[in-house]
There are 2 protein chains.
Amino acid sequence: MDQGSLAERLGRYLPLGEAERRALAALEEGERTVARGAVLRAEQAVAREFYVVRKGWLYSSVMLPEGNRQILGFHLPGDLAGDAALPWSHAPFSLTAATEVTVRVVDRTSLRGLFERHPRLALSLHALAQVERTALAERLASVGRSSAMSRVAALLVDLWRRLARAKLIPPEGVILPLTQEEIGDAVGLTAVHVNRMMRRLVETGLIARDGMRLRVLNEAGLARIGNVGGREGTPDFGWLPATAG
Amino acid sequence: MDQGSLAERLGRYLPLGEAERRALAALEEGERTVARGAVLRAEQAVAREFYVVRKGWLYSSVMLPEGNRQILGFHLPGDLAGDAALPWSHAPFSLTAATEVTVRVVDRTSLRGLFERHPRLALSLHALAQVERTALAERLASVGRSSAMSRVAALLVDLWRRLARAKLIPPEGVILPLTQEEIGDAVGLTAVHVNRMMRRLVETGLIARDGMRLRVLNEAGLARIGNVGGREGTPDFGWLPATAG
DNA sequence: CGATGATTTGAGTATTATCAATGGTAGTGG
DNA sequence: CCACTACCATTGATAATACTCAAATCATCG
């Protein structure tokens, strides 16, 4: 199946019929590739479309008036990006390429047809949005109520697990295409402090680093430090209507 | 129209047809009232339903292992609550009554019928979920990247504006049914520090308090301190299909 | 090789948390 | 009506966490 497609992503949660796969594939119109560091869509830009990440990483962020940046989330292959802009004419946050990234473009008006002809897919998309929302809530809890160590650990576990699910982790570890400043902007810390925390995680033997390459040596331990729950949260799409065509 | 109903809420964003109003009303099945402080649905409880707030306030929260609590958001009349649990069999966070609160119960499986028969409403619900998601993102930015003063100010402006939109603010000010500890749990501060910040906001003349009653004297100033944007973010549901019956 | 940007480390500071004590207010039961 | 309790707000004093500033090291790329 198409690597990083919407069909592949939704297929993780529920079985899809042939017609449904085709409908999803038809959504993804143009393809666009942007270089590392480039902004795919800026905050406040006109936003009539959203994206499906095919290859590479993206992150969404907002800038505060004093020049601080908050990174809201990272979008890996198979993730949607920019769909939170649906109910606005202008993007509430910007999308930036953490690596060179390839996305498929989905015009928001094409959701009308999808919702009319494929209610089951519509419901799945809705449920998927709620998954993202829960992830955001968990990040908020981490940033609002945990120590610096915790926050960094939580972010690393989250990324590690998502990458693992998407089968993107080779045995020698994964390349985290993030500066420590970006990590800091994601968890609400300065780059300097992120450095100290990562360093301590290495000393403790929980992770290993080599340049940008990261290996989690003790996922359970890292999860504990990060206050990250275990497997309670397996998505349950079983209540959706049974597979159509 | 039914105060705090889903129809009233969605009607704020787009015109609804008669059939659509009926379909929305049909969703809301039982009614339930719980006392201030009571838990409507606990974290990890089986979650096959979600709620529409009719009267009173609710908040959703998660507990961290060390006993810290993060309040994720407040649900005012007309808001959905617990809908983020859709893709899970067990609730990712708990719902607590901040005041005595009355909710209508919606079984998640009844969404199937709605999505099949009313794609336009389905799309609206989806868009509404994205609105909530954006609010969460803004809170994250506030907690992650602003000072204590900012965070408290941002929360107050947010609540104030939402209450104003729902026409729930009498001229003498609104009763915030929140302890300073709850405010702290929402913005990632201790109750003690929340107290100091609120006190300073009063000294500065931005707000006035009398017991639990709050009045915002200078909304623009409070918004500036809170790093809260102005009117950029007016929802745009204009791209949805035109009104059906 | 020089230039640019990221990481690393140290020293001092600031913001926010923690601890502790006091006063206020509402509710309860006698 | 009053004691009594419980919870919340307030304030001060102290401690800890994370930030700021600064400089040195490293890595990468033309």
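Since the structure is predicted, the reported quantities are computational estimates derived from the model, not experimental observations. Both backbone and side-chain heavy atoms feed into the values below; hydrogens, waters and symmetry mates do not.
- DNA chain C is contacted by B:Gly188, B:Leu189, B:Thr190, B:Val192, B:His193, B:Arg196 of residues 181-199 of chain B, taking any non-hydrogen atom closer than 4.0 Å.
- Recorded end-axis angle for the helix from C:dC1-D:dG30 to C:dG30-D:dC1 stands at 40°, based on five pairs per end and rounded to 10 degrees.
- Looking at residues two or more places apart in sequence or on another chain, you find a side-chain hydrogen bond (donor to acceptor under 3.5 Å, both in side chains) between B:Asp79 and B:Arg9, B:Arg162.
- Contact check, B:Gln180 against D:dC7: no side-chain N or O comes under 4.0 Å of OP1 or OP2.
- For B:Glu31, the side-chain hydrogen bond (donor to acceptor under 3.5 Å, both in side chains) partners two or more places apart in sequence, or in a different chain, are B:Arg104.
- Listed for the A:His75 side chain is no donor-acceptor partner under 3.5 Å among the backbone atoms of A:Trp57.
- Remark: B:Thr190 pairs with no residue by the side-chain hydrogen bond (donor to acceptor under 3.5 Å, both in side chains) rule, at least two apart or across chains.
- Rounded to a whole Å, the CZ atom of A:Arg200 is 14 Å from the P atom of C:dT8.
- Distance CG (A:Asp210) to C1' (C:dT7): 14 Å, rounded to an integer number of Å.
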What protein N or O atoms touch nucleotides 14-16 of chain D N or O atoms at under 3.5 angstrom, if any, and at what distances?
none

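- Checking side-chain atoms of B:Arg213 against main-chain N and O of B:Ile175 turns up no donor-acceptor pair under 3.5 Å.
- The closest side-chain heavy-atom distance from B:Asp158 to B:Val228 is not below 4.5 Å.
- Looking only at side-chain heavy atoms (C-beta outward), B:Glu219 and B:Val216 come within less than 4.5 Å of each other.
- A:Arg32 pairs by the salt bridge (charged side-chain N to carboxylate O under 4.0 Å, His left out) definition with A:Glu49, not counting sequence neighbours.
- A:Ser142 pairs by the side chain to side chain contact (heavy atoms under 4.5 Å, CB included) definition with A:Arg151, A:Ala154, not counting sequence neighbours.
- Note on B:Arg151: every side-chain N or O is 4.0 Å or more away from OP1 and OP2 of C:dT15.
- Contacts of B:Thr102 classified as side-chain hydrogen bond (donor to acceptor under 3.5 Å, both in side chains), with partners at least two apart in sequence or in another chain: B:Thr33.
- The interatomic distance linking A:Leu214 (CG) with C:dT7 (C1') rounds to 16 Å, in whole Å.
- Among all heavy-atom pairs drawn from A:Val187 and A:Val143, the shortest one is O-CG2, 3.7 Å.
- For the side chain to side chain contact (heavy atoms under 4.5 Å, CB included) test, residues two or more places apart in sequence or in another chain that qualify with A:Arg199 are A:Asn195, A:Glu203, A:Arg209.
- Atom CZ of B:Arg145 is separated from atom P of C:dT15 by 16 Å (rounded to the nearest Å).
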Detail all sub-3.5 Å separations between protein N/O atoms and N/O atoms belonging to nucleotides 27-30 of chain D.
none

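- For A:Arg108, the salt bridge (charged side-chain N to carboxylate O under 4.0 Å, His left out) criterion is met by B:Asp236, not counting sequence neighbours.
- The side chain of B:Ser147 lies closest to C:dT16 when the candidates are D:dT10, C:dT8, C:dT16.
- Taking atom CG of residue B:Leu178 and atom C1' of nucleotide D:dC7, one finds them 15 Å apart after rounding to whole Å.
- In this structure a side-chain-to-backbone donor-acceptor pair under 3.5 Å is missing from A:Thr99 to A:Pro177.
- With the nearest nucleotide of DNA chain D identified for both A:Ser146 and B:Arg209, B:Arg209 has the one nearer the 5' end.
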